[in-house]
Structures are given as structure tokens and as C-alpha cells.
Amino acid sequence: MSADSQGRADELKQQGNTAFKEKHYALAQQFYTKALDEDPANPQLWANRAFAAIRLEEFGSAIADASKALELDPKYAKAFYRRGDASYALGHFKDAVRDFRSAIRLAPSDPDLRRKGGDWPGSKTGALGGPPLLVRRPSAANERTPAVGPR
């Protein structure tokens, strides 16, 4: 990739990050998509776009983007975390738990991951045992499962 292309990708990513912080998730997603046109081998861009998709409740797209990030970097904890969030929102609880555990194994001291699973009963790092929250299905009164992600 040329230096110009890398510079454009970085600039677009920053614009996406700004839009995301301002809760303009669709705009952020557009910036990340343009950045990916410049730098398709950047797993962080795929994970960022996955996070924007989660906020837009486009969970299938989020899983696809997080999976692409993991294809590019199989040890990218945040991509496991994003895919876990999207899987959880779709009610794919076993997949979500698997991804959360993978994320925590890769980055046990990450504060977002510790907040998600570090305090699970019987777990020193969150990688052992499963949280009751992730293995129960939503009640009939509340069929919608919230999309939970790092702040």
C-alpha cells in the first residue's frame, strides 16, 4: 500500500472515530467503509466497522466484519469481543460465550473485557465458567436482547 493510501485510510478512520463518538453510527460506518477501500488488510478497520454495525443493530454485518478482522489477525481480542456482542444480540449464546472467552484469553487485563467477564463466578480471568447472563434466553416478555459493547 502506498503512503498516500495509508494516509487517506488513517484520516478516514479518524473521521469515523469522531462520528462514532458523536453517536453518528451510520456515518461512522461509511467512513470505515471508505477507509477499508484504501486499506482492506487492516483488521482494526473491520472491527471498528463491526462496532458501528452493532450500534445500528446490523448484527449479521457485524459478525461478518469481525470475522474478517479475525481472518486477518487471529489474535485480535477486540474482534472476538465484537463478534461475541453481535452473536449475543442474535441469541447465539454459545457462539458469544466462545468468542468472549477467546477475547479474554488473549487480553486478560483489558478493562472492557474484564468488565464483560472478569467478575464471572468461579473465574479468575473471566475465561473459566460461564456467566448466567450469557446462557439464558430472553424472556417472552422481553424478546429483544440488548447489544452490549465496550464504552
Side-chain angles (χ1 to χ4, degrees), residues 1-21 25-26 28-137 145-151:
M1 171 171 35
S2 73
D4 283 345
S5 189
Q6 180 65 52
R8 282 191 301 273
D10 289 342
E11 183 179 323
L12 289 162
K13 177 185 168 203
Q14 288 308 315
Q15 290 174 316
N17 291 348
T18 299
F20 190 94
K21 287 176 189 170
Y25 305 121
Q29 192 177 44
Q30 291 172 8
F31 280 122
Y32 296 138
T33 298
K34 289 177 183 178
L36 283 164
D37 290 341
E38 300 292 332
D39 187 6
N42 184 330
Q44 192 175 49
L45 292 172
W46 290 101
N48 285 3
R49 192 169 78 169
F51 198 15
I54 288 168
R55 294 297 189 186
L56 293 167
E57 298 184 4
E58 297 172 359
F59 304 116
S61 294
I63 289 171
D65 284 352
S67 294
K68 179 63 176 179
L70 288 167
E71 203 178 288
L72 295 167
D73 182 357
K75 294 187 177 185
Y76 189 22
K78 216 171 246 190
F80 278 110
Y81 187 70
R82 302 284 186 246
R83 193 169 70 181
D85 275 343
S87 294
Y88 179 77
L90 289 173
H92 302 159
F93 301 115
K94 287 181 182 180
D95 292 339
V97 169
R98 182 196 65 231
D99 283 340
F100 290 142
R101 286 180 179 167
S102 293
I104 291 168
R105 277 189 205 106
L106 290 168
S109 61
D110 184 287
D112 290 330
L113 297 176
R114 290 181 61 78
R115 186 169 42 249
K116 175 71 88 181
D119 295 326
W120 295 348
S123 174
K124 292 180 184 172
T125 66
L128 304 172
L133 151 78
L134 292 179
V135 294
R136 282 191 294 222
R137 298 204 178 271
T145 306
V148 180
R151 307 287 178 246

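Everything numeric in this text was worked out from a predicted model, so none of it was measured. What you see below is based on every heavy atom in this structure, not just the backbone, and it leaves out hydrogens, waters and symmetry mates.
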For this session: Determine the minimum heavy-atom distance between Lys13 and Ala35, stating which atoms define it.
Result: N-CB, 4.1 Å
Problem set entry | Minimum heavy-atom distance Ala79-Ala69, with the two atoms named | CB-CB, 3.7 Å
For this session: Assess whether side chain to side chain contact (heavy atoms under 4.5 Å, CB included) is satisfied between Asp85 and Phe100, documenting all intermediate values.
Result: CA-CA 8 Å; Asp85 275 343; Phe100 290 142; 3.5 Å; yes
Exercise. What residues, two or more places apart in sequence or in another chain, satisfy side chain to side chain contact (heavy atoms under 4.5 Å, CB included) together with Ala107?
Worked result: Ala77, Asp110, Leu113
For this session: Can you sort out the partners of Asp95 under side chain to side chain contact (heavy atoms under 4.5 Å, CB included), two or more places apart, ordered by chain and number?
Result: Ser87, His92, Arg98
For this session: State, yes or no, whether a side-chain contact exists between Asn17 and Tyr32 at a heavy-atom distance under 4.5 Å.
Result: yes
For this session: Measure across Gly60 and Leu90 and return the closest heavy-atom pair with its distance rounded to 0.1 Å.
Result: N-CD1, 4.2 Å
Exercise. Given Phe59 and Ile54, is the side chain to side chain contact (heavy atoms under 4.5 Å, CB included) satisfied, shown in steps?
Worked result: CA-CA 6 Å; Phe59 304 116; Ile54 288 168; 4.3 Å; yes
For this session: Taking Trp46 for its side chain and Pro40 for its backbone only, find out whether a donor-acceptor pair lies under 3.5 Å.
Result: yes
Seminar exercise, completed: In this structure, CG of Leu36 is separated from CD of Gln29 (nearest 0.5 Å) by 10.5 Å
For this session: Enumerate the residue pairs fulfilling salt bridge (Lys or Arg N to Asp or Glu O under 4.0 Å) with a member in residues 28-53, sequence neighbours excluded, ordered by first and then second residue.
Result: Arg8-Glu38, Arg49-Asp65
Exercise. With sequence neighbours left out, what residues match Phe20 under ring-ring contact (aromatic ring centres under 6.0 Å, His included)?
Worked result: Tyr25, Phe51
Exercise. Out of curiosity, Tyr76 OH to Arg83 CZ, how far, rounded to the nearest 0.5 Å?
Worked result: 14.0 Å
Exercise. For Pro74 and Leu106, which heavy atoms make the closest approach, and how far apart are they?
Worked result: O-CD1, 4.2 Å
Exercise. At their closest point, which heavy atom of Ala96 faces which heavy atom of Gly84, and how far apart are they?
Worked result: CB-O, 3.4 Å
For this session: Using only heavy-atom distances, determine whether the side chains of Asp10 and Gln14 contain a donor-acceptor pair under 3.5 Å.
Result: no
For this session: Would you name the heavy atoms of Ala19 and Phe31 that are closest together and state the gap between them?
Result: CB-CD1, 4.4 Å
For this session: Tell me, please, which residues at least two apart from Glu11 pass side-chain hydrogen bond (donor to acceptor under 3.5 Å, both in side chains).
Result: none
Problem set entry | Non-neighbouring partners of Lys68 that pass salt bridge (charged side-chain N to carboxylate O under 4.0 Å, His left out), sequence neighbours left out | Glu71
Problem set entry | From CG (Asn48) to OG1 (Thr33), nearest 0.5 Å | 11.0 Å
